[in-house]
Q: 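The structure under discussion is supplied below as structure tokens; questions concerning it will follow.
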Amino acid sequence: MRKWVAAAVAAIAYWLARLAACLPDAAFLLLIGWAKRWVSWRKPADPLNVVLGDVEKIFKDPASSALARRMIREARPAQFKAVVRGDLL
């Protein structure tokens with residue numbers, strides 16, 4: 001059952017990442033900032049705070065932002081989903 005849930009989450013995450021890769025940097029940073037504040041409020045010691053902080057740093061620099069967007073857009077769907085499933089399991 002757990003593998004099935006991870007596969008479903010990976011499929012959703014793939015499409016959300018593709019959608020987020022189309023957003024302008026300012027809008028993406030706004031969403032990441034909102035998510036970071038929500039996670040900090042909900043669970044201050046959650047490791048997701050560190051991950052969101054790293055994503056925020058990546059998208060503040062235009063060159064690294066372009067690279068991250070290209071990596072998301074050019075990744076094969078199966079490759080992206082495998083990475084997400086591996087992180088979840």
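Note that the structure is predicted; figures quoted are calculated from it, not measured. The figures here come from the full heavy-atom set of this structure, side chains too, leaving out hydrogens, waters and symmetry mates.
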Q: Short question: side chain of R73, backbone of R18 - any donor-acceptor pair under 3.5 Å?
A: no
Q: Each residue besides L16 in its hydrophobic cluster should be listed here, by chain and number; the cluster joins Ile, Leu, Val, Met, Phe, Trp and Tyr at side-chain heavy-atom distances under 4.5 Å.
A: I12
Q: Should V51 and W38 be regarded as members of a common hydrophobic cluster, given that ILVMFWY residues are connected when their side-chain heavy atoms come within less than 4.5 Å of each other, either directly or indirectly?
A: yes
Q: In this structure, would L29 and I58 fall into the same cluster of hydrophobic residues linked by side-chain contacts under 4.5 Å?
A: yes
Q: Hydrophobic clusters here meaning ILVMFWY residues chained together by side-chain heavy-atom distances under 4.5 Å, can you tell me if F28 and I72 are in one?
A: no
Q: Report the residues that fulfil salt bridge (Lys or Arg N to Asp or Glu O under 4.0 Å) with K36, sequence neighbours left out, ordered by chain and then residue number.
A: E56
Q: Which pairs pass ring pair (Phe, Tyr, Trp, His ring centres under 6.0 Å) with one or both residues in residues 61-89, sequence neighbours excluded?
A: Y14-F80
Q: Same cluster or not: are V55 and W15 linked, directly or through other Ile, Leu, Val, Met, Phe, Trp or Tyr residues, by side-chain heavy atoms under 4.5 angstrom apart?
A: no
Q: With sequence neighbours left out, what residues match R70 under salt bridge (Lys or Arg N to Asp or Glu O under 4.0 Å)?
A: E74
Q: Once you round to the nearest 0.5 Å, how far does CG of L52 lie from CG of L31?
A: 11.5 Å
Q: Test of understanding: with side-chain hydrogen bond (donor to acceptor under 3.5 Å, both in side chains), list the residues that count as partners of R85, not counting sequence neighbours.
A: none
Q: Same cluster or not: M71 versus F59, using hydrophobic residues (I, L, V, M, F, W, Y) connected whenever any side-chain heavy atoms lie under 4.5 Å apart?
A: no
Q: Can you tell me how far apart CG (D25) and CZ (R69) are? Round to the nearest 0.5 Å.
A: 4.5 Å
Q: Looking at every heavy atom in both N49 and S40, which two are closest together, and how far apart are they?
A: OD1-OG, 3.1 Å
Q: Of all heavy-atom pairs between A27 and L23, which one has the smallest distance, and what is that distance?
A: CB-CB, 4.5 Å
Q: Could you work out, with salt bridge (Lys or Arg N to Asp or Glu O under 4.0 Å) as the rule, every residue matching D46, not counting sequence neighbours?
A: none
